[in-house]
Q: 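Got a structure here, written out as structure tokens. Questions coming.
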Amino acid sequence: MSSDYYRRFELAYSPFFVRKRVGKCFKVIARFRTYERASDYLRQLSDQYPGIYFDIKNVLVSHLDKESRV
């Protein structure tokens, strides 16, 4: 198996998503293993496309894992 094959699985479980806002939804445009890499990519996109909203979503902790405050 090639290393590219394993890289696809590594990126599938990456905890940091860079997203672009499209209407009321968000589209994931890239995935990163570290927050620093995601932040660098976000900075590059913001410089290249001013006026378009991008953000970083950390999916390491699921919303299902949080305790309810009821």
Q: Kindly give the heavy-atom pair with the smallest separation between R31 and S14, and that separation in Å.
A: CB-CB, 4.0 Å
Q: For residues 41-52, run the donor-acceptor check on the side chains, cut-off 3.5 Å, and write out each pair with its distance to 0.1 Å, sequence neighbours left out.
A:
{"unit_1": "R43", "atom_1": "NH1", "unit_2": "D40", "atom_2": "OD1", "d": "3.0"}
{"unit_1": "R43", "atom_1": "NH2", "unit_2": "S39", "atom_2": "OG", "d": "3.3"}
{"unit_1": "S46", "atom_1": "OG", "unit_2": "L42", "atom_2": "O", "d": "3.0"}

Q: List for me each residue that meets ring-ring contact (aromatic ring centres under 6.0 Å, His included) alongside F54, sequence neighbours excluded, and say none if there are none.
A: none
Q: Hey, what do you get for CD1 (I29) to CZ (F17), rounding to the nearest 0.5 Å?
A: 12.5 Å
Q: Provide the full list of side-chain hydrogen bond (donor to acceptor under 3.5 Å, both in side chains) pairs with a residue in residues 18-28, sequence neighbours left out, each pair given once.
A: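 Listed once each, the pairs are R19-D55.
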Q: Could you pull out all residues at least two apart from Y35 that satisfy ring-ring contact (aromatic ring centres under 6.0 Å, His included)?
A: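 Only F16 meet the ring-ring contact (aromatic ring centres under 6.0 Å, His included) criterion with Y35.
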